[in-house]
Amino acid sequence: MAGTLTFDALKKAVSNGEIDTVLTCIIDMQGRLMGKRFHAQHFIDSAYEETHCCNYLLATDLEMYTVEGYASTSWAGGYGDYVMKPDLETLRPVPWLQGTAMVLCDLLDHNTHKPVPHSPRALLKAQVAKLAEMGLSVMAATELEFFLFEKGFEELRKSGYRPLEPISGYNEDYSILQTTREEHVMRPIRNHLYKAGIPIENSKGEAESGQEELNIRYAPALDTADYHTIAKNAVKEIAHMQGHAASFMAKWRPDKVGSATHVHQSLWDSNGTNVFVDPDKQHGMSELMQNYVAGLIKYAPESTYFFAPYINSYKRFQKGSFAPTKTAWSVDNRTAGFRLCGEGTKALRIECRIGGADLNPYLAIAAQLAAGIKGIEDKLPLGAATDGDIYDATGGNEIPINLRDAKDLLKSSSFFREAFGEAVVDHYVRAAEWEIEDFDRAVTDYEIARGFERA
Ligand code: ADP
């Protein structure tokens with residue numbers, strides 16, 4: 001069960017005054033919740049069937065700039081509407097906001113009412129459907145890492161994000177003492193999300209000052225991406241309510257480790273059996289799992305854009321930082337791009353460690369599924385596991401070191417053009433190009449400090 005409210009329960013909650021507002025949200029390219037706040041009565045009277053939004057919501061950057069060069073929408077095309085179709089399975093209370101419920105929507109073409117192929121939810125659904133045709137489903141989990149800061153968003157923005165002081169003064173990895181001091185933020189995050197039907201497992205201090213990790217129990221892929229997106233939004237909202245900022249930037253300071261989104265995956269059959277498990281094979285990995293992981297590795301370089309969509313994302317891939325630099329796989333080794341977890345248990349799974357905290361979980365999981373499915377279809381053999389310090393290992397593909405390289409790899413990927421469709425790949429290549437063009441125009445603090453006097 002994805003949400004915790006049926007439509008009938010919502011109607012009841014509206015009539016007895018418990019709910020007065022329904023957030024009606026789509027997921028944009030950046031993985032953000034965008035939408036409208038409905039009066040609950042209007043939602044249950046009519047908007048539950050459909051509402052509308054400007055189709056530029058899948059063609060803007062983080063700043064909401066109207067980026068030119070997309071085939072799907074433009075000034076010339078008049079920036080018309082998409083249909084927002086509420087998925088009532090995702091209806092849930094939002095316990096951290098008074099009298100509020102939330103529903104996620106699929107984006108449909110205004111004329112044909114068909115799913116918009118480049119919309120993140122549609123992209124993930126298409127890959128899940130492909131797996132279903134093979135008699136399989138995917139269980140996935142995404143770990144959320146982020147930093148909490150001493151000050152709030154407003155104060156930091158007004159001071160030009162200087163100085164940026166994390167909420168704690170030392171590396172708080174697994175620290176109970178320091179995380180106790182952050183419980184005014186983290187406890188409501190865990191409990192409110194749990195009450196919103198999101199199966200929180202735990203939170204913990206991560207390996208930097210001010211860094212936290214939130215773990216959510218694995219679930220079918222679409223639920224996992226929904227959980228991730230709602231949780232990320234909730235972390236920012238609840239931190240804000242407590243006077244703090246939370247950031248999911250992949251890397252906010254060069255001398256501190258970045259924040260990741262590790263993606264765990266296992267495939268299951270219709271009997272509820274994890275088909276990655278075969279106790280007779282090496283590391284207990286079934287042939288199907290070996291093919292799947294070989295697909296993930298083969299297509300990792302051209303998938304990287306979906307794990308690292310911004311200029312900043314690539315600053316995280318540093319030797320000795322727990323963020324990988326190579327696509328190699330390993331057995332429980334945190335220096336590899338792909339890590340086998342749960343060896344010898346029913347929870348055998350593969351963890352992709354490439355993604356930053358800034359990824360869009362729908363796109364990242366869809367890219368993993370496409371690559372894994374191709375590995376299964378082509379019965380790709382899996383090479384030997386790498387061990388030791390994989391940063392220094394020879395062999396293994398390098399993860400692209402910047403957005404320009406990742407964009408070029410995606411652009412020339414015949415694999416993704418077939419798996420996602422030409423128009424979808426062109427759309428995301430344009431998003432990547434824009435990030436590069438925009439950054440190329442910027443004059444950074446780095447350039448001023450280096451060149452102002454001495455150049
Ligand atoms: P780590 O050592 O990487 O922190 P955890 O034990 O915290 O690993 O688990 C990470 C995530 O893996 C959790 O969100 C958990 O729900 C998920 N997970 C557990 N079993 C499976 C499985 N079979 N398939 C996919 N994800 C799983």
Side-chain angles (χ1 to χ4, degrees), residues 1-2 124 127-128 131 136-146 172-176 179 186 189-190 193-194 197-208 211-232 235 257-279 283-286 288-290 292-293 296 307 321-324 329-357 359 361 364-366 368-369 371-372 390:
M1 190 182 67
L124 179 52
Q127 295 306 315
V128 169
L131 262 183
L136 296 169
S137 62
V138 58
M139 286 293 182
T142 51
E143 301 173 28
L144 289 95
E145 290 181 359
F146 53 92
E172 61 185 271
D173 205 13
Y174 295 95
S175 169
I176 294 300
T179 51
M186 296 309 298
I189 288 174
R190 291 191 307 272
L193 283 170
Y194 195 84
I198 296 182
I200 298 296
E201 288 186 345
N202 58 59
S203 65
K204 66 177 273 292
E206 260 299 324
E208 232 342 320
Q211 197 177 27
E212 284 274 1
E213 177 179 277
L214 184 67
N215 284 302
I216 302 172
R217 187 177 159 76
Y218 65 91
L222 187 67
D223 291 345
T224 294
D226 290 347
Y227 295 160
H228 181 109
T229 307
I230 295 167
K232 183 172 172 183
V235 165
V257 303
S259 293
T261 297
H262 301 150
V263 182
H264 294 253
Q265 309 145 66
S266 55
L267 296 188
W268 298 61
D269 66 15
S270 53
N271 301 321
T273 303
N274 180 349
V275 292
F276 272 4
V277 179
D278 182 347
H283 307 302
M285 292 168 80
S286 66
L288 185 117
M289 180 176 194
Q290 294 180 34
Y292 184 89
V293 175
L296 300 188
F307 290 93
S321 69
F322 286 113
W329 79 280
S330 69
V331 181
D332 194 14
N333 179 326
R334 287 188 166 82
T335 66
F338 296 92
R339 169 179 164 236
L340 184 75
C341 299
E343 189 182 0
T345 72
K346 281 189 306 194
L348 188 74
R349 59 193 185 272
I350 191 76
E351 175 194 42
C352 172
R353 298 178 58 82
I354 298 172
L359 60 62
I365 301 174
Q368 289 284 271
L369 294 183
I390 294 168

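One-based numbering along the sequence shown. What you are looking at is a predicted structure, and each value in this text was computed from that prediction instead of being measured. Order of listing sets the numbers, starting from 1, for every ligand and every atom in it. The analysis underlying the following values was restricted to heavy atoms, covering all of them including side chains, and did not include hydrogens, waters or symmetry mates.
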The single option from Glu145, Glu143, His228 passing side chain to side chain contact (heavy atoms under 4.5 Å, CB included) against Thr261: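 Only one option passes, and that is His228.
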Below 3.5 angstrom, do we get any N/O pair linking Ser266 and ligand 1?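 Yes, at least one N or O pair falls under 3.5 Å.
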Which residues pass the salt bridge (charged side-chain N to carboxylate O under 4.0 Å, His left out) test with Arg349, not counting sequence neighbours?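 So Arg349 forms no salt bridge (charged side-chain N to carboxylate O under 4.0 Å, His left out) with any residue.
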Of the listed options (His264, Arg334, Glu351), which comes nearest to atom 10 (C) of ligand 1 when hydrogens are ignored and any heavy atom counts?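 Minimum heavy-atom distance to atom 10 (C) of ligand 1 goes to His264.
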Polar-atom distance check: Trp268 versus ligand 1, any N or O pair below 3.5 Å?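 No, there is no polar N/O contact under 3.5 Å.
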Please report whether ligand 1 has a polar contact with Ala141, defined as an N or O pair separated by less than 3.5 Å (distance criterion only).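 No; every N/O pair is 3.5 Å or more apart.
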Check each of Arg349, Glu201, Lys204, His262 against atom 9 (O) of ligand 1 and report the one with the nearest heavy atom.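 It is Arg349 whose heavy atom sits nearest to atom 9 (O) of ligand 1.
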Under 3.5 Å between any N/O of Arg339 and any N/O of ligand 1: does that happen in this structure?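 Indeed, backbone or side chain, Arg339 has an N or O that close.
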Identify which of Ile216, Leu267, Asp332, Asn274 has a heavy atom lying nearest to atom 14 (O) of ligand 1.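 Selected option, by shortest heavy-atom distance: Ile216.
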State which residues pass side-chain hydrogen bond (donor to acceptor under 3.5 Å, both in side chains) with Gln127; sequence neighbours excluded, sorted by chain then number.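 Gln127 satisfies side-chain hydrogen bond (donor to acceptor under 3.5 Å, both in side chains) with no residue once adjacent residues are dropped.
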Please say whether Lys346 places an N or O atom under 3.5 Å from an N or O atom belonging to ligand 1.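 Between Lys346 and ligand 1 (N or O atoms, distance only) the closest approach is not under 3.5 Å.
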Measuring only between side-chain heavy atoms, which start at C-beta, is Phe146 closer than 4.5 Å to Leu214?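 Result yes, sub-4.5 Å side-chain heavy-atom pair found.
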Side-chain heavy atoms of Thr229 within contact of Pro361, under 4.5 Å: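 Result yes, sub-4.5 Å side-chain heavy-atom pair found.
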Any heavy atom of Arg353 sitting closer than 4.0 Å to ligand 1?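 Contact absent.
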